[in-house]
Amino acid sequence: MVGPDYSRVRALLFDLDGTLLDTIADLAAATNAMLDELGIPMLPESRIATFVGKGADRLVHRALTNDPNGQASTSRFDAARAAFDRHYIRENGRQATPYPDVLAGLAAFQARGLPMACVTNKPQGFSEQLLRASGLAGYFQVVIGGDVLPRRKPDPLPLLEAAARLGQPPHACLMVGDSANDAAAARAAQMPVVLVPYGYNEGEPIDAVDSDGIVGSFLDIERCLG
């Protein structure tokens with residue numbers, strides 16, 4: 001497996017949606033409930049999956065316009081975002097499931113004594129709710145949601161903050177994500193990064209993203225740790 005020097009890894013950072021958990025069913029249910037409430041045609045789950053990756057605001061703008069680059073008017077967005085939040089509070093965690101080997105991998109990392117952080121663009125409240133509902137909360141010493149800091153991924157700030165809270169320099173942390181967003185943040189933070197092939201990445205092929213490797217399973221990482 002191509003990748004960074006795993007023997008130097010002293011902490012792990014993980015993206016949430018598309019990396020730890022398959023959450024598209026919850027996100028699509030909330031998005032379509034929002035659209036239906038506003039009298040806008042609902043979208044296929046597969047289309048909504050391509051809108052995931054840059055936080056709830058972008059998801060709402062994209063869904064309202066059915067365009068990955070779309071920008072709804074302020075008044076339309078404000079009403080839609082409020083509706084999305086109401087529906088997502090209900091849907092968050094209802095159908096989300098860990099990807100294969102995620103639980104086994106996290107348990108193995110924990111057994112090694114490696115501190116872990118979840119760094120996501122999902123708002124903090126939703127992130128903590130989802131981690132609790134999925135039984136993953138106990139693995140993470142740090143959770144940084146997309147509304148905690150002034151900037152979010154692909155800016156490096158959340159990764160740098162997570163590394164600092166875990167007491168490790170960036171080069172001793174490994175970022176595990178599913179998208180160009182995660183890779184760009186890690187590169188800017190001078191942090192090694194590997195990507196999983198099963199996430200969302202806004203509909204683009206993951207093998208085209210600049211990273212230190214693509215891993216099929218968290219257990220692949222665990223087996224390569226020094």
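Side-chain atoms are counted along with the backbone in the values below, which use heavy atoms only and exclude waters and symmetry mates.
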Inset, instruction - Classify the angle between the aromatic ring planes of Phe126 and Tyr88 as parallel (below 30°), tilted (30 to 60°) or perpendicular (above 60°). - result: perpendicular
Inset, instruction - Using the side-chain hydrogen bond (donor to acceptor under 3.5 Å, both in side chains) rule, pick out the option among Asp15, Asn181, Thr120, Asn121 that qualifies with Lys153. - result: Asp15
Inset, instruction - Could you walk me through whether Leu59 and Arg62 pass the side chain to side chain contact (heavy atoms under 4.5 Å, CB included) test, one step at a time? - result: CA-CA 5 Å; Leu59 172 59; Arg62 289 166 167 175; 5.6 Å; no
Legend entry - Ser217-Asp220 side chain donor-acceptor pair, cut-off 3.5 Å: no
Legend entry - Stepwise side chain to side chain contact (heavy atoms under 4.5 Å, CB included) check, Asp57 with Phe77: CA-CA 8 Å; Asp57 284 2; Phe77 169 80; 3.5 Å; yes
Inset, instruction - Start with the C-alpha distance between Phe51 and Thr31, add both sets of side-chain angles, then the distance that settles side chain to side chain contact (heavy atoms under 4.5 Å, CB included), and finish with yes or no. - result: CA-CA 11 Å; Phe51 294 162; Thr31 300; over 6 Å; no
Inset, instruction - Identify the residue among Asp178, Asn201, Val209, Val215 that makes a side-chain contact (heavy atoms from CB on, under 4.5 Å) with Leu195. - result: Val209
Inset, instruction - Evaluate side-chain hydrogen bond (donor to acceptor under 3.5 Å, both in side chains) for Asp182 paired with Ser179, printing each intermediate quantity in order. - result: CA-CA 5 Å; Asp182 298 314; Ser179 71; 3.1 Å; yes
Inset, instruction - State plainly whether the residues Arg187 and Asp212 are in salt-bridge range, i.e. N to O under 4.0 Å. - result: yes
Inset, instruction - Might you point out which heavy atoms bring Ala189 and Leu160 nearest each other, and give the distance in Å? - result: CB-CD2, 3.8 Å
Inset, instruction - Specify the closest pair of heavy atoms between Arg58 and Gly70, including all atoms of both residues, with the distance to one decimal. - result: NH2-O, 3.0 Å
Legend entry - Closest contact, heavy atoms only, Gly146 versus Arg152: O-CD, 3.7 Å
Legend entry - Minimal non-hydrogen separation, Phe218 against Val176, with atom names: CE1-CG1, 3.9 Å
Legend entry - Flag for Thr97-Asp22: side-chain donor and acceptor within less than 3.5 Å: no
